[in-house]
Amino acid sequence: MSFPLLTVTAALPAVGAVATAAVPAARRTAAKWLALLVSLATLALAIVVLVRFDPGGARYQLTESHAWISDFGVRYELGVDGIGAVLVALTALLIPFIILAGWHDADPLETGSRRWRPTQGFFALILAVEAMVVISFEATDVFLFYIFFEAMLIPMYFLIGGFGDRAHEHGEETAATQRSYAAVKFLLYNLVGGLIMLAAVIGLYVVAGTFSLHDIAQARASGSLHMATSTERWLFLGFFFAFAVKAPLWPLHTWLPNAMQESTAPVAVLITAVVDKVGTFAMLRFCLQLFPGASKWATPVILVLAVISIIYGALLAVGQRDIKRLIAYASISHFGFIIMGIFAMTSQGQSGATLYMVNHGISTAALLLVVGFLISRRGSRLIADYGGVQKVAPVLAGTFLIGGLATLSLPGLAPFVSEFLVLVGTFTRYPVIGIIATFAIVLAALYVLVLYQRTMTGPVKPAVSGMSDLRARELVVVTPLIVLLVFLGVYPKPVTDIVNPAVKHTMSDVHKKDPKPAVEAAK
């Protein structure tokens, strides 16, 4: 039997989570190092997955299939296409930086504090989330995917509610209340989406008699699977609703600003750069593949919702007073671009959307982690409490600027390529939608540059006059992310070569071809 590489890649952080939680309370530093080493080992395995993946080979590779709950047709089936492979690599790449950035975020509070912060639990929960996200990207059995799609909510709930940001202007008791509210809101929104999806999963089994993507695809190809149009549409809506909550898509987005505001910066990165990607990934893998007819039927409405997310998120980001809420609304705008690219039903749009998932993960991680370092020094999330930081901490200000410029998709940085592909892919089929979405580029420049101007330039405020610049550990976190932003900005080919064959399969699933150019190229 071949080596179960995908299982080991998902199981290693799960085992690491248990081992980290079991470290004695007095050995907090050992728990941190254990979590970091496990995350680095998981990254090494994810790199092996990428290396072994053949873009010219079968659609799903490194597959594993074992009987699990035979009476209900549930199998333990794993496999990655190009999209899943790059997202597994993205997840494994970001977790070590999240752990390093949060090195002191769960240390005990000062003597007399009413809250105890178990360091081991914090890092164990991060590893648990990594394990569940990785297996979600690998699962090719719908029921197996659903289990981990829902299970990741539990560790995320405790990370948001139990390890919130210490920078709060209203005192510890008010902060604890707001953290609890944000965590419960996150959990309830996603649980409602998950319950609706569960009904759709059961309905799919009733219709198809299996949860296996492979078996359903074969049944469709042979003509033995007949799904009524109304049934397909209802099942699609059940799946899409859950993924739109996770993504998040307007108007199901309201949990995200609260969750990111009250979380530590590393946990905020975990939410928006890792966990939320499961929603957009699942739209490609499950909505389009399982329900191609319903996907085309729903496309006009979804594109309108995506454009609303793009403009709405950007407009609200402009008016924010809280730095992390600003980044949260910017992310809502960016997820609108991703969803728009997916449902534009063009190869450029879907390739751009997948590349956007990767680039958004890296750029948001870079910006949010630098913001976390900034907030930890000043003790405030409010933009008005900063000013002149670039004069006392130039390296911090420089990395902040690069992260911000990547967020506004500056040419030469990674998000520009993906945003350009999404807009081109959308414009070729839906020009009005593409034109409206383009206005968000102007708004992005506005909220990013105004944020930089208000926090980093101008007279040095007394409260930041003694602020230290980035330390060695913080530079180790930020520098590789910035290098990746520049590298993928000028040479995205390594990612697109892996992704494009999977996009072709998805386009084939929905029976769509790219529109022909209105004007033929001169011969």
Side-chain angles (χ1 to χ4, degrees), residues 94 98-99 101-110 113-119 121-123 125-126 128-129 152-193 245-248 252-276 313 316-317 319-332 335 364-365 367-386 451 455:
L94 293 180
I98 289 171
I99 290 173
W103 201 251
H104 299 297
D105 285 358
D107 288 349
L109 296 174
E110 63 276 4
S113 171
R114 295 173 60 186
R115 290 201 307 120
W116 175 55
R117 302 170 70 87
T119 305
F122 178 76
F123 293 101
L125 289 170
I126 291 174
V129 172
M152 70 180 70
L153 302 180
I154 304 305
M156 286 306 308
Y157 169 81
F158 288 109
L159 284 169
I160 296 168
F163 299 92
D165 197 342
R166 299 182 185 185
H168 205 288
E169 64 271 22
H170 300 302
E172 187 177 322
E173 289 192 6
T174 302
T177 301
Q178 293 191 5
R179 279 193 297 272
S180 177
Y181 171 78
V184 170
K185 188 174 183 179
F186 162 82
L187 187 63
L188 289 179
Y189 266 66
N190 284 275
L191 278 178
V192 169
V245 172
K246 183 86 78 179
L252 305 171
H253 67 284
T254 60
W255 63 268
L256 182 64
N258 296 99
M260 287 184 62
Q261 179 184 18
E262 299 303 326
S263 300
T264 64
V267 172
V269 172
L270 192 63
I271 295 170
T272 190
V274 176
V275 171
D276 287 354
L316 264 66
Q320 293 305 309
R321 297 168 54 244
D322 184 295
I323 302 176
K324 288 202 288 188
R325 284 186 74 88
L326 185 153
I327 299 173
Y329 281 109
S331 290
I332 290 169
F335 276 106
T364 301
L367 181 59
L368 260 175
L369 294 179
V370 173
V371 164
F373 300 148
L374 179 69
I375 292 172
S376 67
R377 286 160 166 75
R378 173 64 179 84
S380 173
R381 302 188 303 250
L382 299 180
I383 297 172
D385 289 340
Y386 295 88
L451 172 64
T455 56

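Just so you know, these numbers use all the heavy atoms, side chains as well, and skip hydrogens, waters and symmetry mates.
- How far CZ of Phe186 is from OG1 of Thr254: 13.0 Å, rounded to the nearest 0.5 Å.
- Counting only heavy atoms from C-beta outward, the side chains of Leu270 and Val129 approach each other to under 4.5 Å.
- With a 4.5 Å cut-off on side-chain heavy atoms, Phe123 and Pro118 do not count as touching.
- Counting only distance, with no hydrogens or angles, the side chain of Trp255 and the backbone of Leu188 share no donor-acceptor pair below 3.5 Å.
- With Val371 as reference, Ile327 is the one residue of Leu451, Thr455, Leu326, Ile327 to meet the side-chain contact (heavy atoms from CB on, under 4.5 Å) rule.
- The side-chain heavy atoms of Asn258 and Tyr181, taken from C-beta on, include a pair separated by under 4.5 Å.
- Proximity of Leu368 to Met260: side-chain heavy atoms (C-beta onward) are separated by under 4.5 Å at one or more points.
- Between Pro257 and Ile332 there is a side-chain heavy-atom pair separated by less than 4.5 Å.
- The two residues Thr364 and Val269 make their nearest non-hydrogen contact at O-CG2, 4.5 Å.
- With sequence neighbours left out, Arg325 forms a salt bridge (Lys or Arg N to Asp or Glu O under 4.0 Å) with no residue at all.
- Put simply, CG on Leu94 and CD1 on Ile99 are 11.5 Å apart, with the number rounded to the nearest 0.5 Å.
- Of all heavy-atom pairs between Ala101 and Pro266, the closest is C-CG, 3.9 Å.
- At a threshold of 4.5 Å between non-hydrogen side-chain atoms, the residues Asp276 and Ile271 count as touching.
- Considering only heavy atoms from C-beta on, Met156 comes within 4.5 Å of Val267 through its side chain.
- At distances below 3.5 Å, not a single donor-acceptor pair connects side-chain atoms of Tyr189 with backbone N or O atoms of His253.
- The CD atom of Glu262 sits 10.0 Å away from atom CD1 of Ile160, with the distance rounded to the nearest 0.5 Å.
- Residues satisfying the side chain to side chain contact (heavy atoms under 4.5 Å, CB included) criterion with Tyr157, sequence neighbours excluded, are Ala183, Val184, Leu187.
- Side-chain atoms of Arg378 come within 3.5 Å of backbone atoms of Asp385 as a donor-acceptor pair (strictly under, hydrogens ignored).
- A donor-acceptor pair under 3.5 Å links the side-chain atoms of Arg381 to the main chain of Gln261, judged by distance alone.
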